[in-house]
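Taking it in order: structure first as structure tokens, then the write-up.
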Amino acid sequence: MENNRCTFSKVTLSLTLGALLFSNAFAITKKHFDFVVGVDGDFKAAIAKAPGTSSNGHFLIFVPNGEYDIGSLTGDSNQKTAFEKSNISLIGESTDKTVLYNHSINEAIGTTATLYIHGNDVYVQNMTIQNKSGGPNCNASACRHVAVQQQGDKIIFNQVKLLSGQDTYYTKDGRTYWNGGEIQGTVDFICGGGDVFFEGTNLVMLRSGGYITASQNPGDWGYVFNNAKINTSNSSFNGSFYLGRSWGRAKTVFLNTTMYAQPKAEGWYQPINYVPVVFAEYNSKDGNGNAINLSNRQKNYTDKNGGSANLNPVLSASEAAKYTISAVLSGADSWAPDKLTQNAATPTISQNGNTITWAPDDNALCWVVFVNGKYHSNVTSNSFDAGQITTGSKIVVRAANSMGGLGSASNEIEVLEANVNYFNVKTSADVGGEIQMDPNREKIAEGTKVTFTAAANGGWKFAGWTGKNAADAGTSNVWATTAAADIDIGATFIGDGTNTFQAESGIVDNAILESTNAGFKGTGYINFGTGTSSVKVPVYVAANGEYKATFSYANGSGSARSLSISTDAGTNEEMPFETTGAWTTYLTKELSVQLKKGASYITFSIVGGNDGPNLDQIVLEPVNVEEDPVLCESMECGGNGLALIPGTLAKPEADLANKPAKELLFTVNGQLVRQSVGASVSTSGLQPGIYLIKTIGKGYSSQRTIRVE
């Protein structure tokens, strides 16, 4: 295992590290982190060790996941921590779980910062910086508790979250670049001077009637927001706040912004001190991608000093095109911060004996090894000695970019015991369920007993095994075996005939499976988020056509919440879900939907970035579905467009006494393969796999699953 204390090798060219990294002609000189908080000392020791400036690239400080009370540790009497160093990289493990915080005592914009960055060439990535004295619960007439105050040039925030209330982020001068991340606040929560380019940053308003920005004495460009997102912590705040007000000679533009929560129609507020120079937007859209009406945006401004201004609040395409990262930030030294935020390639790791290895990468500064979710070490070669790591421990590796920022985690592997045979395990499951494996590992030691369970979702049932080991697994949904070779096993599922499907079985995007509020069916319900949030619920029907879908939901808010509902067969409707009075009270709504035969999805998405109801379950009933001409060839159909549904009669009163029994063989996706009248359908020559057989006879129909070897 490498020693983590390694000196940085100076490049012989007359280039700084930052300049060197802009050229693809040179590989990055490998370098360990200079200080790991919790390993080499606390945050106070990290600040003390960092040099004031560095000619050998950035001094790299890594902060593993955890909450760090730096206000008490390194703050002054008001818990303000001064970080007055240049050429520093402050790298967290993750945006949400690496938290630096304080509790400032006396409110003021210049004396409360959780972190006061006063230096040049400072890079911050993957952490939350919070002033816990701010936030929406601070109700004083002035409640200025700053999370970050900065003064310096060439500062980068990459995937950083700032949390407070009034004046969350206070800028003074210089050039700053934000890549992604999030800033939350209540009043003027992005305020001050300098030229700051925000790319894809999420702006969250925490109260009604607040202001996002308060620009003061900006540079040539001021605040530029591109591809930003605007949200609120409560949907009732929508339409109540402002994009900004002029603290002094303000310059602020919003380009290509998605406003999941929209400001007041006038957009901008009158000045605090002096009239603005630029307050404008271009291509603002709502949460559904529709253009926002900007015709009522504020144009005329007057200030308390007698100044006035008449501004155009809408930029033309050619005017908006001038606001590029290069134009705003490059300066005389051609600074290109967007190049420095790019992640190194995600490694793919494997074990060879006691060594974990991955491909070399000239663009990685180093790699960080995590064992069982905790920081272990950082290495500058593309390998790691796992000989002292406990067998079964889980390892991932992340590559650091040129500034030390970590990219995505590698694949996870379990440390294997050397000199033992291991076999690969491959599992796959169709829509409608999953395969549960015990023990759950990608590699299984020879002689280990392993159990596979095909677990069906609500509304589904197990249909059969697939894969190379299907014949070994039998017909039960549980298969136990002892590892003696590689294993390849899959499972298929079909509807269980109840036509009732649970929302919590779906594929969620920015939504939560919950079981907090009693009264639901199944194992829980879906609690939607804001911004973008959806769930794709798998369903199964026996025929193409129109179905009545009954949705069970709860809405304990004070007003209706809408969902967009779509199907693979072309349904696309927006439906309001009225309040149910309480989150434990569930009501139903009905909608006619088009569905395809076999397995498909019904997708539920929030509308306009606003929160949705809690979605519980879906019940489907056929209304007008296609007759199957094969089924109707020798059997009498219902005459109302309904196909024969398994387990029912299309026309129960029909006299089928003289009709011979008929068998039809389908794939599990509903494709007819063979049929037979008066005899069992033949399976000779079929491809191995799972099939459905429907039997139709006098006064009945039934369905069963078979496996063809």
Side-chain angles (χ1 to χ4, degrees), residues 3-8 16-18 21 28-75 81-95 97-102 113-130 147-150 152 154-162 181 340-341 343-344 364-370 374-380 398-407:
N3 188 331
N4 288 341
R5 302 279 65 83
C6 175
T7 58
F8 177 70
T16 66
L17 177 63
L21 299 174
I28 295 173
T29 302
K30 296 293 186 279
K31 170 180 165 62
H32 286 287
F33 288 142
D34 296 288
F35 196 99
V36 178
V37 174
V39 175
D40 300 313
D42 59 17
F43 192 74
K44 184 175 183 178
I47 293 178
K49 186 173 181 180
T53 59
S54 174
S55 60
N56 290 334
H58 277 211
F59 185 85
L60 307 176
I61 300 173
F62 179 67
V63 187
N65 282 345
E67 293 202 3
Y68 301 86
D69 182 1
I70 65 171
S72 298
L73 181 67
T74 58
T81 292
F83 197 76
E84 299 178 300
K85 305 289 180 72
S86 295
N87 301 104
I88 300 291
S89 286
L90 186 60
I91 308 299
E93 182 178 341
S94 64
T95 300
K97 295 182 179 180
T98 303
V99 182
L100 309 182
Y101 71 90
N102 75 337
T114 307
L115 194 65
Y116 172 38
I117 298 172
H118 191 186
N120 300 322
D121 287 291
V122 177
Y123 182 94
V124 186
Q125 180 173 331
N126 288 352
M127 64 176 55
T128 292
I129 304 174
Q130 180 178 15
V148 167
Q149 176 183 344
Q150 68 176 57
K154 297 200 293 187
I155 298 173
I156 297 174
F157 294 93
N158 187 11
Q159 306 304 332
V160 172
K161 182 181 289 187
L162 303 186
L340 300 176
T341 59
N343 287 335
L365 190 65
C366 65
W367 292 270
V368 180
V369 179
F370 296 88
K374 302 291 185 181
Y375 169 83
H376 182 273
S377 58
N378 61 95
V379 297
T380 55
R398 297 169 66 182
N401 68 10
S402 62
M403 307 300 283
L406 300 186

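Count residues from 1 along the sequence. These values consider heavy atoms only, across backbone and side chains, with no hydrogens, waters or symmetry-generated copies.
- Here the shortest heavy-atom pairing between Ala400 and Ala344 reads O-CB, 3.8 Å.
- A heavy-atom distance below 4.5 Å is not found between the side chains of Leu90 and Val122.
- Between the OH atom of Tyr123 and the CD1 atom of Ile61 there is a distance of 14.5 Å, given to the nearest 0.5 Å.
- Two residues are said to be in side-chain contact when any heavy atoms from C-beta on lie closer than 4.5 Å; Thr380 and His32 meet this criterion.
- When atom types are taken as modelled, the side chain of Arg398 and the backbone of Glu93 share a donor-acceptor pair closer than 3.5 angstrom.
- Heavy-atom minimum distance, Lys31 versus Cys366: O-CB, 3.2 Å.
- Put simply, the side chain of Thr81 does not reach to within 4.5 Å of the side chain of Leu100, judged on heavy atoms.
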CA sep, side-chain torsions, deciding dist, call: Ile117, Val124, side chain to side chain contact (heavy atoms under 4.5 Å, CB included)
CA-CA 10 Å; Ile117 298 172; Val124 186; 4.2 Å; yes

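- Classification of the Phe62-Tyr375 ring pair by plane angle, with boundaries at 30° and 60°, yields tilted.
- Taken to the nearest 0.5 Å, the CE atom of Met127 stands 11.0 Å off from the CG atom of Leu162.
- Using a distance-only test at 3.5 Å, with no hydrogens or angles considered, a donor-acceptor pair links the side chain of Ser89 to the main chain of Met403.
- In this structure, the side chain of Asn401 engages the main chain of Leu340 through a donor-acceptor pair within 3.5 Å.
- The side-chain heavy atoms of Leu365 and Leu60, taken from C-beta on, include a pair separated by under 4.5 Å.
- When each of Thr128, Asn65, Asn126 is checked for a side chain to side chain donor-acceptor pair (under 3.5 Å) with Ser94, only Asn65 meets the rule.
- Residue Asp42 comes nearest to Ala45 through the heavy atom pair OD1-N, 2.9 Å, listed as atom of the first residue, atom of the second, then distance.
- Side-chain contact check for Leu406 versus Val368: some heavy-atom pair is nearer than 4.5 Å.
- Residues Ile88 and Ala50 share a closest heavy-atom pair of CD1-CB, 3.7 Å.
- Atom CG of Asn102 sits about 12.0 Å away from atom CG of Leu73, to the nearest 0.5 Å.
- Smallest separation of non-hydrogen atoms from Tyr68 and Pro64: OH-O, 2.8 Å.
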Asp69/Tyr101 under side chain to side chain contact (heavy atoms under 4.5 Å, CB included): CA gap, chis, key distance, verdict
CA-CA 5 Å; Asp69 182 1; Tyr101 71 90; 3.3 Å; yes

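- When atom types are taken as modelled, the side chain of His58 and the backbone of Ser402 share no donor-acceptor pair closer than 3.5 angstrom.
- Side-chain contact between Phe83 and Gln150 is absent, with no heavy atoms from C-beta onward closer than 4.5 Å.
- The closest donor-acceptor contact from the side chain of Lys85 to the backbone of Gly119 lies at 3.5 Å or more, if one exists at all.
- Between Asp34 and Lys49, the closest side-chain pair of non-hydrogen atoms is not below 4.5 Å.
- Under the 4.5 Å side-chain criterion, counting only non-hydrogen atoms from C-beta, Phe33 is not in contact with Val39.
- Here the OG atom belonging to Ser86 is positioned 4.5 Å from the CG atom belonging to Asn120, to the nearest 0.5 angstrom.
- Nearest heavy atom pair, residue Val37 against residue Ala46, reads CG2-CB, 4.4 Å.
- A side-chain donor-acceptor contact under 3.5 Å links Thr114 to the backbone of Gln130.
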